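Notes follow the structure.
Keep in mind the model is a prediction, meaning the values are calculated, not measured. Along the sequence shown, the residues carry numbers beginning at 1.
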Amino acid sequence: MIQRKMNLNDVLESIDVKAVKGSLETTITGVCIDSRQVMPGSLFVAIRGTQTDGHRFIDNALERGAAAILCEEMTWQDDTKRVMCNGRYPTIVQVSSTDAVVGNVATTFYGHPTKELTLVGVTGTNGKTTIATLLYNMFRQMGHCCGLLSTVCNYIDGEAVAATHTTPDPIELNQLLRRMADAGCEYVFMECSSHAIAQRRIGGLHFRGGIFTNLTRDHLDYHKTVENYRDAKKQFFDMLPKGSFALTNADDKNGMFMVQNTKATVKTYSTRTMADFRGRIIEEHFEGMYLEVDGREVGVQFIGRHNLQNLLAVYGAARLLGKEPEDILLVMSTLKSVAGRMEPIASPEGWTAIVDYAHTPDALENVLKAIREVLEGKHGQVITVCGAGGNRDKGKRPLMAQEAVKQSDRVIITSDNPRNEDPQDIINDMIAGLTPQQRKKVVTIVDRREAIRTATILAQRGDVILIAGKGHEDYQEINGVKHHFDDREVVREIISE
């Protein structure tokens with residue numbers, strides 16, 4: 001990408017500035033929120049993050065030749081650290097809240113890329129990755145150049161760009177969007193996490209539409225209460241402009257709450273009630289489902305009512321973006337599940353393993369219900385392997401164990417990504433929510449590979465092993481170190497042995 005240059009005064013065009021030390025006629029060649037990435041000519045934005053305060057690194061940014069600093073406090077004393085850049089000392093700009101303005105600063109510096117793109121955001125607890133990815137794949141099959149911003153991977157048309165967060169920081173996000181616009185992308189489909197909305201990482205972006213999937217307990221380690229988590233999601237729809245669309249799940253109790261204050265045109269989808277876009281399952285098996293969508297029948301390579309809802313969101317969004325029903329359903333019949341989402345692996349012994357990212361009680365319930373529905377009337381048991389992540393919401397741990405036991409014949413509770421916690425402590429938190437009778441179904445094995453191996457030993461012909469929690473991830477994070485570990489690889493290795 002060509003290096004960008006912009007006058008600082010223009011970069012701050014939409015920002016309410018409290019005070020300035022230096023000249024606003026300074027030339028800016030980059031925007032950074034990490035002082036280690038600062039180069040001569042950069043604007044360093046000091047953000048008060050959840051882990052550290054960027055104001056602590058202003059001196060570092062000045063020593064590295066920052067052309068300007070955007071901050072909330074003018075507290076430093078030593079002007080000798082201000083290195084001259086292009087014949088001038090760096091400019092210091094004070095604002096009330098840097099995290100409130102950094103998105104606008106970034107999108108302005110990168111030339112407002114979303115004004116050149118049709119951007120659709122997807123938010124909710126579960127289904128974001130599936131919906132965003134399926135829309136990306138669908139529109140590419142329809143002949144459009146597209147971008148994708150997701151948990152699994154980012155794509156600039158066919159070029160993969162590794163994803164480190166569900167939603168990147170505002171600088172990286174706008175860099176990617178600018179690259180997408182320059183590459184000729186017409187549509188961009190983007191997951192919008194609650195963290196990103198609350199931290200205003202998507203500030204300044206122009207959305208053509210937004211999709212709400214569902215809302216259940218998650219990320220309470222950050223948001224503290226379900227209400228805060230819910231309200232963070234709602235902020236996304238509150239900020240949608242007039243002329244955009246807000247497509248919401250009418251089956252979710254929070255569906256209409258999300259859109260009650262939006263300026264966007266509200267549309268709904270449902271599997272159970274009156275809605276703009278409706279669907280039902282006609283027939284279901286592990287290879288896929290036969291559906292009725294808005295009165296038309298279609299076969300798809302997905303299973304489960306939750307995936308019917310995801311597909312209805314995809315169908316509804318495509319309709320709202322101007323596509324014809326017949327064209328949408330034709331492409332939908334060819335789409336495959338996203339990596340690590342209800343991904344089946346068949347064994348020569350006749351049992352099936354399903355790897356899924358389910359890491360909340362609600363997601364686990366949805367996946368297990370889908371498996372039970374397919375198994376209904378057939379011989380076969382469900383063996384679930386699951387754990388819970390460390391340094392995250394502890395309150396959902398016993399709930400996940402309860403959900404697994406409720407809908408499984410056998411449960412193996414194991415390590416997920418323990419991060420900086422003792423995995424045995426996490427397992428103890430999970431089984432603490434079980435009754436003595438429920439614990440009779442449960443085995444605990446800390447080593448995840450051995451837990452999966454044990455499940456395959458227990459499995460008989462016709463059984464299903466659900467391996468939940470990590471899905472597409474190819475690592476296990478232990479004590480701050482990411483070790484290579486892929487549930488899908490492990491299952492295939494065990495089968496080959």
Side-chain angles (χ1 to χ4, degrees), residues 6 8 10-21 24 28 30-38 42-62 66-76 90-110 112-114 119 121 123 149 164-178 190-207 210 219-225 227-240:
M6 184 176 281
L8 178 60
D10 294 331
V11 174
L12 304 176
E13 64 180 6
S14 60
I15 305 305
D16 185 14
V17 173
K18 288 178 65 177
V20 177
K21 184 177 184 179
L24 290 177
I28 299 300
V31 181
C32 302
I33 58 174
D34 185 338
S35 64
R36 295 167 297 185
Q37 296 175 358
V38 169
S42 295
L43 167 64
F44 175 66
V45 185
I47 302 288
R48 298 189 191 279
T50 55
Q51 304 297 323
T52 188
D53 185 349
H55 289 78
R56 292 172 48 206
F57 302 99
I58 288 176
D59 284 349
N60 293 4
L62 291 170
I69 304 291
L70 186 65
C71 57
E72 297 174 12
E73 297 177 4
M74 291 190 174
T75 57
W76 59 92
T91 302
I92 314 300
V93 179
Q94 184 183 23
V95 294
S96 298
S97 170
T98 48
D99 69 347
V101 303
V102 65
N104 284 287
V105 168
T107 197
T108 301
F109 179 77
Y110 285 102
H112 300 283
T114 53
L119 177 65
T123 195
L149 292 156
T164 55
H165 295 82
T166 299
T167 311
D169 71 59
I171 312 302
E172 182 186 357
L173 177 56
N174 279 279
Q175 285 175 339
L176 283 167
L177 289 166
R178 171 42 57 196
M190 172 183 176
E191 291 185 52
C192 297
S193 68
S194 58
H195 290 73
I197 299 166
Q199 294 168 8
R200 306 177 192 182
R201 292 185 223 160
I202 58 174
L205 302 187
H206 178 79
F207 285 90
H219 302 304
L220 297 197
D221 52 303
Y222 176 80
H223 295 286
K224 307 306 179 188
T225 68
E227 289 73 24
N228 289 344
Y229 175 54
R230 177 200 65 194
D231 292 347
K233 300 286 189 187
K234 183 177 178 295
Q235 284 177 34
F236 172 67
F237 296 95
D238 290 350
M239 62 173 265
L240 288 177

*Do the side chain of Thr108 and the main chain of Asn104 share a donor and acceptor less than 3.5 angstrom apart?*
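It does hold such a pair.
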
What distance do [X] atom [atom1] and [Y] atom [atom2] have between them, rounded to the nearest 0.5 Å?
X      : Y      : atom1 : atom2 : answer
Leu70  : Cys32  : CG    : SG    : 12.5 Å
Lys233 : Thr123 : NZ    : OG1   : 3.5 Å
Met239 : His206 : CE    : NE2   : 10.0 Å
Thr98  : Glu72  : OG1   : CD    : 4.0 Å
Phe109 : Leu8   : CZ    : CG    : 10.5 Å
Cys192 : Leu173 : SG    : CG    : 8.5 Å

Measure the shortest side-chain to side-chain distance between [X] and [Y] over non-hydrogen atoms and say whether it is less than 4.5 angstrom.
X      : Y      : answer
Ile202 : Met190 : yes
Ile171 : Val102 : yes
Ser96  : Lys18  : yes

Shortest non-hydrogen contact from [X] toward [Y]:
X      : Y      : value
Asn174 : Gly103 : ND2-O, 4.1 Å
Ile69  : Ala66  : CD1-CB, 4.0 Å
Gly210 : Leu240 : N-CD1, 4.0 Å
Val11  : Met6   : CG2-SD, 3.5 Å
Val38  : Ala61  : CG1-O, 3.7 Å
Asp99  : Ser97  : OD1-OG, 2.6 Å

*What residue among Val45, Val93, Val95, Ile58 forms side-chain contact (heavy atoms from CB on, under 4.5 Å) with Cys71?*
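Only one option passes, and that is Ile58.
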
_Run Leu177 and Leu149 through side-chain contact (heavy atoms from CB on, under 4.5 Å) and show every step you take._
CA-CA 9 Å; Leu177 289 166; Leu149 292 156; 4.0 Å; yes

*Does the distance from a Lys or Arg side-chain N to an Asp or Glu carboxylate O, for Asp53 and Arg48, drop under 4.0 Å?*
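Judged by the 4.0 Å cut-off on N to carboxylate O distance, Asp53 and Arg48 do form a salt bridge.
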
*Arg56 and side-chain hydrogen bond (donor to acceptor under 3.5 Å, both in side chains): which partner among Asp59, Asn60, Thr52?*
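Single pass found, and it is Thr52.
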
